[in-house]
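Everything below concerns the one structure shown next.
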Amino acid sequence: MRALVHDGYTSAAGLAVAEVPTPRVGADRVLVRVLTASVNPVDWHLYRGDPWIMRLRRPGAARQGLQGVGEDFAGVVAEVGAGVTGVAVGERVFGTIPATAQRTGSIAEYVDVDPEWFAVLPPGVDPSAAAASSLAGLTAMQALRDAGGPEPGGRVLVWGAAGGVGHLAVQIARLLGASRVDAVCSARSIDMVRGLGADDVFDYTVGETPRGPYDVVIDTVCTARASTLRRILAPEGVVVTIGAAGGGRILGPGGPIVRRAVGSALARITARTVLTRVDSSDLARLGSWLQTGALRVVLERVFPLAQAPAAYEVLEEGRVRGKLVIDVSGAPAA
Ligand SMILES: NC(=O)c1ccc[n+]([C@@H]2O[C@H](COP(=O)([O-])OP(=O)(O)OC[C@H]3O[C@@H](n4cnc5c(N)ncnc54)[C@H](OP(=O)(O)O)[C@@H]3O)[C@@H](O)[C@H]2O)c1
């Protein structure tokens, strides 16, 4: 089969589409013929081995020969392991592979997955939107529901609202009952974010800052100072930091996140982080929102498999609006 691979730590320019063996299906696994896949920042952290701490996630990856790339996928079940029940050959599914799992990558003609890593793709849902919603949607949902816990009627701010996680968080906050959803992004994305349901949108590039008060701040970029958060959070408010723009060679986004933890403790702010769990029932919930149109995925661009390295060159710049998708099958979307 064809798959996007890298040999040792490399930049996007060092990725290649190569012929590799089709995965063999273990008793507890399912083989999926991939229609579409989508890209996430964790992918480039892994193939670059940057920041250095990411090398601990897959020790020895630089010396283990060709490595697959990608987590998110949507496709058709091609083979079911002997020990797996409840899924049939021919069913359409979508999901995401945990970054830490032993695995091939999802940007491949076939991927072998654990049944907990996918849900059924509801009829009528575009596989591109489903693949693109998987990791980003789980992250937004779990940050809001589990780490932020907005009460119905709560006031939410999404800081870094234009990217994969942020643009879904704006919508999921509303779906989980928020009465007010404000957002921070740059000028070029204000209309897009407002169109997804945000109330007030603030342009960070000209120094606009939200006024608050907010019960939950969902933050994908970790650029706000603790003093700013303290000013805009309600007394019982919580900031949930999902990721960070920038960071050094050793810890990468971990650096700003650790600094925030210290700054928040000093400023007496409740600060949490989130590590996304791949959960089939949460994926199913995303699928049902996609089916009803309650959740919309903005697709900035769809790349054919042969151009997957170019998708990562775009992603690494950190300015994607919504999501980038890889069309693996070459078939038109449903
Ligand atoms: N904790 C977890 O388990 C987990 C899971 C998934 C993702 N993450 C992390 O979460 C972060 C976001 O992921 P993603 O998939 O949403 O990334 P993404 O799609 O690459 O985010 C790109 C967006 O970030 C915005 N942005 C960049 N700098 C900004 C700034 N200073 N202020 C406000 N917005 C800014 C850009 O908008 P503008 O053009 O408007 O600047 C762009 O639209 C990443 O660090 C990722 O690694 C963590």
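Being a predicted model, the structure only gives us computed values, none of them experimental. In each ligand, atom 1 is the first atom listed, and ligand 1 is the first ligand listed.
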Ligand 1 atoms in contact with [X] (distance to a heavy atom under 4.0 Å):
X	value
G160	33 (C), 34 (N)
G243	9 (C), 10 (O), 11 (C), 45 (O)
G163	16 (O), 19 (O), 21 (O), 22 (C), 23 (C), 43 (O)

Which residue and heavy atom of the protein sit nearest [atom], plus the separation:
atom	answer
atom 48 (C) of ligand 1	I242 O, 3.1 Å
atom 28 (N) of ligand 1	Y204 OH, 3.8 Å
atom 7 (C) of ligand 1	V165 CG2, 4.0 Å
atom 1 (N) of ligand 1	V274 O, 2.6 Å
atom 35 (C) of ligand 1	V221 CG1, 3.5 Å
atom 5 (C) of ligand 1	T139 OG1, 3.3 Å
atom 11 (C) of ligand 1	T220 O, 3.6 Å
atom 36 (C) of ligand 1	G318 O, 3.6 Å

Worksheet item: Can you tell which of T292, V297, L290 makes a side chain to side chain contact (heavy atoms under 4.5 Å, CB included) with V125?
Response: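 Exactly one pass, corresponding to L290.
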Worksheet item: Would V5 and I97 show up in the same hydrophobic cluster when neighbours are defined by side-chain heavy atoms closer than 4.5 Å?
Response: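 Hydrophobic grouping puts V5 apart from I97.
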Practice prompt. Indicate the atoms forming the closest heavy-atom contact of A161 with V193, along with that distance.
Written response: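 For A161 versus V193, the nearest heavy atoms are O-CG2, 3.8 Å.
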Discussion item. How long is the straight-line distance from CD1 of I107 back to CD1 of I326, given to the nearest 0.5 Å?
Written reply: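 Result: 5.0 Å between the selected atoms.
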Min N/O separation [X] to ligand 1 under 3.5 Å:
X	result
S186	yes
G164	yes
R188	yes

Worksheet item: Which residues pass the side chain to side chain donor-acceptor pair (under 3.5 Å) test with D182, sequence neighbours left out?
Response: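 Checked D182 against side chain to side chain donor-acceptor pair (under 3.5 Å); matches are R180, Y214.
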Worksheet entry | T276, portion touching ligand 1 at heavy-atom distance under 4.0 Å |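 Both backbone and side chain.
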Practice prompt. Tell me which part of A162 gets within contact of ligand 1: side chain, backbone, both or neither, using heavy atoms under 4.0 Å.
Written response: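 It is both parts that get close, each with some atom under 4.0 Å.
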Worksheet item: Considering residues, nucleotides and ligands other than R225, do more than 12 of their heavy atoms fall under 6.0 Å from its CZ?
Response: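 Open: at most 12 neighbouring heavy atoms sit under 6.0 Å from CZ of R225.
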Worksheet item: So does Y312 have more than 12 non-hydrogen atoms from other groups sitting under 6.0 Å from OH?
Response: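 Yes, the 6.0 Å shell around OH holds more than 12 heavy atoms from other groups.
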Item to complete: Compute the minimum heavy-atom distance from A136 to ligand 1 and say whether it is under 4.0 Å.
Response: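 Not so, A136 does not reach ligand 1.
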Discussion item. Nearest non-hydrogen contact with atom 17 (O) of ligand 1 belongs to which option: A245, A244, P41?
Written reply: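 Residue with the shortest heavy-atom distance to the ligand atom: P41.
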Worksheet item: Which pairs, with at least one residue in residues 229-252 and sequence neighbours excluded, count as a salt bridge (Lys or Arg N to Asp or Glu O under 4.0 Å)?
Response: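 Matches after skipping sequence neighbours: D50-R249.
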Practice prompt. Check the pair S38 / D72 against side chain to side chain donor-acceptor pair (under 3.5 Å), numbers first and verdict last.
Written response: CA-CA 5 Å; S38 109; D72 293 343; 3.0 Å; yes
